[in-house]
Amino acid sequence: MADEVFRHDGYLSEFESEVTAVDGDKVVMNLTAFYPGGGGQVCDTGTINGKRVTEVRYEGKEIVHIVPGNDFRPGMRVWCSLDWDRRFDLMMGHTGEHLLFCSLHREDPDLAITKIYISPEDKYVIVNHDVSWEKIRSALAFANKAIRDNLTVRKTVMARNDPDLAKVRIKLDRIPEDEEITVVSIGDIDYSACSGVHVQETSELGMLFVDRKVSAGRDGVAIHFKVGDAAADAAISLAATCLEVIDETGSKPELVVKTVANMKHNLEAAAEASKEAAKKGVGSLEPETVGGTAFYSGVFPGADRKVLAEAVEKLKAEGAVCAFIAVGETANIMLGSGSPKVDCRKVLPKVLGMFGGRGGGKPDFAQGGIPDASKAAEALEALKKEVAGLLEN
Ligand SMILES: [Zn+2]
């Protein structure tokens with residue numbers, strides 16, 4: 001088996017090695033510092049004798065380097081170089097994940113990790129249930145204090161029956177019986193079984209920041225985080241956005257969450273009131289009689305389309321014709337006809353076209369929208385004229 005340098009030295013990025021086997025693009029060496037990926041962390045990339053290493057992975061117990069177009073032969077001495085910026089970012093990310101989770105776990109002892117993902121583009125930990133932003137805020141304060149305190153990150157090997165294993169975050173069933181247990185500790189605040197690559201001191205992380213949390217379905221909630229300069233950049237950018245929101249709402253930082261919650265509540269109440277008003281408005285409409293047919297029409301700001309559609313359904317069953325417009329950000333027009341003289345499928349698209357809108361339907365019911373809601377009344381007049389022309393004949 002090759003000497004897997006990354007297991008005891010995460011900082012070796014340039015090294016000499018010897019090729020032991022080649023099979024097309026696949027290259028095996030007797031010593032390697034290329035991390036083959038694992039524990040949610042993606043693999044290293046780099047070069048061997050100047051040729052790109054596009055992927056590194058375990059095949060059985062062997063670490064296989066994918067080097068397209070290589071001309072290596074067994075026994076050849078080669079010079080290897082890791083893409084160090086990428087590797088260091090992954091080391092920071094992996095250490096950041098340990099630190100973030102232990103900090104969140106202090107706030108919520110029922111929290112458990114479902115999954116981890118560490119790549120240069122994205123870093124997240126999926127936990128079994130949601131965590132409030134208030135708890136994330138406290139966890140981040142703790143984690144960033146640990147970064148400033150420059151705690152030592154240590155790797156130790158423990159036996160399966162070591163009583164100290166009790167304080168270690170570990171999924172023993174996932175570690176093969178014959179494999180030794182590597183435990184990564186951060187100062188005395190966290191002990192976790194892990195065979196990945198990590199930094200040596202927490203200060204190397206610079207900063208840890210959570211910039212997003214999203215549902216991960218049945219797995220729980222994905223908490224996305226950043227480390228180092230990327231964390232600082234994200235924090236600055238998000239802080240500026242928050243300040244803009246605070247300004248826009250005329251609130252204060254300490255009150256803005258409450259302000260927005262109130263606004264949301266008021267908006268919902270207003271929408272509910274408009275819906276009720278529209279329902280009443282439709283219910284109390286008086287029809288005109290055109291060519292012997294009852295003709296209902298009206299514009300309803302903030303109306304629920306379902307309410308209007310139900311009214312149309314009822315009135316056309318009584319033989320009436322109705323033209324209703326629900327006005328929101330756009331204007332939604334519906335035309336229902338209980339009269340053989342009015343084919344909705346023909347009349348409505350004609351009027352919609354006059355106002356840059358589109359729509360369609362069946363002979364007894366059609367609907368569509370126009371982009372400029374301020375033209376609703378005008379559109380209704382045009383529609384009424386068309387319908388009246390048909391009913392009068
Ligand atoms: Zn780790």
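Start at 1 and go down the list; that is how both ligands and their atoms are numbered.
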* Asked: Is a side-chain donor or acceptor of E204 paired with a backbone partner of Q200 at a separation under 3.5 angstrom?
  -> yes
* Between R86 and D89, is there a side-chain N and carboxylate O pair less than 4.0 Å apart? -> no
* Gap between atom CZ of R87 and atom CG of D44 - 0.5 Å precision -> 4.0 Å
* Asked: Name of the H94 N, O or S atom nearest the Zn ion (ligand 1)?
  -> NE2
* Establish, from distance only, whether the side-chain atoms of T152 and E201 form a donor-acceptor pair under 3.5 Å. => no
* Which single N/O/S atom of H198 lies at minimum distance from the Zn ion (ligand 1)? -> NE2
* Asked: What angle, in degrees and rounded to 10°, do you get at the Zn ion (ligand 1) when you join it to SG of C194 and to NE2 of H98?
  -> 120°
